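Below, chains carry the letters A, B, ... as their sequence lines are ordered, and counting in each starts from 1. Note that the coordinates shown come from a computational prediction; the quantities given were computed from them, not determined experimentally.
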There are 2 protein chains.
Amino acid sequence: MAREIRTVAVVGAGVIGAGWAARCLHRGIDVVVTDVSADAERGLREVVSNAEPALNQLSLAPRKEKGTLSFTTSLAEAVSKADFVQENAPEREDLKRNLLAEISKHAAPDVIIASSSSGLLPTIIQADCTHPERVLIGHPFNPVYLLPLVEVLGGEKTGPQFIEDAMAFYSSIGMKPLKVRKEIEGYISDRLQEALWREALHMVADGVATTDEIDQAVIYGPGLRWAFMGTCLTFHLAGGEQGMRHMLEQFGPALELPWTKLKAPELTDQLIDRMVEGTQQQADGYSIRDLEQLRDNCLVSIMQSLRSFNYASGNVLKEDDERQYEQTSGSTEWADGDDLSRPLDLHGDKVHPEWVDYNNHMTESRYLQVFGDASDALFRYVGVNAEYHANGNSYYTVETHINNILEVAAHEPLRVTTQLLGLDDKRLHFYHRMYNSKDNSLLATAEQMVLHVDMKAGKACPAKPEILNVLGKILDAHKKLPAPERLSRQMMVPPPK
Amino acid sequence: MAREIRTVAVVGAGVIGAGWAARCLHRGIDVVVTDVSADAERGLREVVSNAEPALNQLSLAPRKEKGTLSFTTSLAEAVSKADFVQENAPEREDLKRNLLAEISKHAAPDVIIASSSSGLLPTIIQADCTHPERVLIGHPFNPVYLLPLVEVLGGEKTGPQFIEDAMAFYSSIGMKPLKVRKEIEGYISDRLQEALWREALHMVADGVATTDEIDQAVIYGPGLRWAFMGTCLTFHLAGGEQGMRHMLEQFGPALELPWTKLKAPELTDQLIDRMVEGTQQQADGYSIRDLEQLRDNCLVSIMQSLRSFNYASGNVLKEDDERQYEQTSGSTEWADGDDLSRPLDLHGDKVHPEWVDYNNHMTESRYLQVFGDASDALFRYVGVNAEYHANGNSYYTVETHINNILEVAAHEPLRVTTQLLGLDDKRLHFYHRMYNSKDNSLLATAEQMVLHVDMKAGKACPAKPEILNVLGKILDAHKKLPAPERLSRQMMVPPPK
């Protein structure tokens, strides 16, 4: 039965130690930090308090009360209180080996002692410990309070149950433990990171590229994929419909080219089979096309996230959008001979598969999205286009009344008509009807009021005369149409009879 | 004066060629694709049509009419029409060298011929071309239609103006061109990717890890950072307050350890200075603390994006959240002592970056999404939960009236309160108010009518008595509250005075 973990001792208060403290405290675990330098406490508290906003934003799930943070320069004091020890000393074998031995003297015998080492062998650094069976590696990534990965492995003397218990603990604080099955320097993640890092150092040393160019070569390209798809599955997709096997055929010869200073292993049949079988398993029954769609959705979402910070690829997207808005010079789509004797018929779409819920019904917010697209079509039609927006003016929705009439399923073809109801120099009132464009059944209606605004000033202002002119003509014609049947409906549960 | 690019010839219709076609078409450029295999056309059209949803989602900026796609097995025909040629043949030096020579015979002399090569030297593959000054490398990343990076470099015979023109063209189609200043095999990005890939192959060959474990070691840790911060700036932050210099002091010794099969360069004073100065320049005056905050914001946003796809680190976050909700189960459900003297306060969220438009305002359909989530919170609160749905019953929205009061920006914290207005055995009428949870300003309101349905039969039916009982208690209490000020508002443009 694993010990309940209420107090964690964090040994070493640098970036990694402080990150562990922040994560544990946020999870309601008490943390006692120890460092040889009393001055370390200031930096520790700074990291812990800087981590709070991100941790609070990350998840809205209910949390326990935060844990209590304390600091001591006495290793013995910190460790003897703890239910779990996480050591974060500099990456020197002799130093870690001695420190772990010292920790093991003061920690209760069933207390796990995990080292945050980035690549030292656990067999060596546990060698002088008492009860070495509870000494293991728990290697996290900066910032520890946000990144889920922690590599877990033991040395020759580590007991398998302690590995399992450590992994369970890490999971319980929101992490993704990865068991490293073979004891090897650098473990798995840092072997990859270190290969990349050393190649980068070579390029800087050889004058090939600056650190900035090297970072650009990652963040605008492969790095965007690495956020959710590793190098193996990514290359499975690079192989086209035949996946990894085709990729290895096509890029196998490049393994012999000097494309990095790292010599590749021989591409034996056995290695090919392992790569192909491994990525097949990862694909988990999904076709290449399915995985491509998932990848694209993730990429779009990540780039849109980064756009909101105007950073990295998000900055490229933002600047590109701005150029598009500038370039699209507008003209009114409306023409004098257009038939205005019926509601306008300006917008068609099809229910996208991602718009439906688990019952295959379009979710309510998507109805409004389609109506919003129909409003945009109306605006473009009358001349409120990108150029008009670029001049600082737009129509903003201030009120919307939707009636949902029929359920709508994925892939259903949609058509929206628009009837104008009212207009002054600032206000525009209209009524959308959404139909299935195949059987013409009425699916939903939306009555909307929009307001013409000066976007910079953030307040209403009169629309340009040429816009009002076109809208006026349409309204004059639409006044002859019957009033929509659901106009200004009042919601009410009738009193019981 | 650079040639205006209306038609691009794409030579080779594999994953990369088709990706170029999709990007150019979406940008209003005509594309003629050529491939020796006539069968390639099917795969090409599949990729192009699969790319559409992602491209449409990525940006709402106005676009020109889509370009026209055509296919021919005649290289001469394709290339002679083109204003720009992008070659995407397999990565074999002799093949590319001959193909580029053939292309150069048919392309007009001022037409840029760019090769998508991943690492071959331009000097070699341009050697047999006519007008070799317009032959260069434009190396993209899969999927080409989404990832912005393209590495651009020329060979000994390439004219500098053609490099500039190619970069300008790539920028104009939404890409981020990175000029590779020194001609080197693998360029910059693929040297890094290839180092990582070869290290991965070594680990699989040595039986250290599976492809899945290798990918996990990236996507749950370092890969999340690489989406927006390269290895150099990341390690600048790993050094704590003193940045890169401290990091090199601390991890310098590890460069001599066998943490990858790639031997590191000697850490000379010159190399240290270049790394420190380079990352200082990248930091661009921002303190380590500023950069940490930016990094944390990006990480949170990316993980939240991935949560919506339940993929990679998003899956860890989702499962962890679910555990938190389970552990605190009951606390969000209605209990007899709950304060019903005010509107219920059951739903909080934050404006996700992908919810805002180009002006950084939340789009109108997202308001309804948040209100829908608040309705779900109400339903869970009164017992209409997953178990209730599993029994075939649910509440469906039939009518919604939204008032938009203030603009809402990305990352704004939201809170929604809910006031019950009416109830019978089938109908439920309520009123949501959305606030900025920081300053308590009222952002929007939504009056809604929902109907209790038998989901299989697809028609209204009475709710279960225990649900009606709880709703009735809340309604009794809420009847004492003042009626919402915007209840049953009528939209109307007042007649002119």
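Looking at B:M275, the atoms closer than 4.5 Å to chain A (heavy atoms on both sides) sit in the backbone and in the side chain alike. Contacts between B:V15 and chain A at a heavy-atom distance below 4.5 Å involve the side chain alone, from C-beta outward. Heavy atoms closer than 4.5 Å to chain A are found in both the backbone and the side chain of B:L201. Interface remark: B:L257 contributes backbone and side-chain atoms alike to the contact with chain A (heavy atom separation under 4.5 Å). Only the side chain of B:I184 comes within contact range of chain A, with heavy atoms under 4.5 Å apart. Heavy atoms of A:M303 lying under 4.5 Å from chain B belong exclusively to its side chain. Only the side chain of A:M455 comes within contact range of chain B, judged by heavy atoms closer than 4.5 Å. Of the atoms belonging to B:L233, heavy atoms from both backbone and side chain fall under 4.5 Å from chain A. For B:P143, the parts lying near chain A are the backbone and the side chain together; criterion is any non-hydrogen pair under 4.5 Å. Residue contact with chain B, scored on non-hydrogen atoms closer than 4.5 Å, involves the side chain of A:L294 exclusively. Of the two parts of A:S394, neither the backbone nor the side chain holds a non-hydrogen atom closer than 4.5 Å to a non-hydrogen atom of chain B. For B:T268, no part lies under 4.5 angstrom from a heavy atom of chain A.
The closest side-chain donor-acceptor pair between B:R489 and A:Q490, if any, does not fall under 3.5 angstrom. When only modelled atom types and interatomic distance are considered, B:E364 and A:Q448 share a side-chain donor-acceptor pair under 3.5 Å. A:T279 and B:T211 share no side-chain donor-acceptor pair at under 3.5 Å. Looking only at atom types and distance, the side chain of B:N50 has no donor-acceptor partner in the side chain of A:Q293 under 3.5 Å away. In the model, B:H401 has a side-chain atom that pairs as donor or acceptor with a side-chain atom of A:E399 under 3.5 Å. Between A:D215 and B:Q282, the side chains place a donor N or O and an acceptor N or O closer than 3.5 Å (distance only, hydrogens not considered).
Between B:Y396 and A:H361, the ring planes are perpendicular. Angles over 60° get that label, and only those under 30° would be called parallel.
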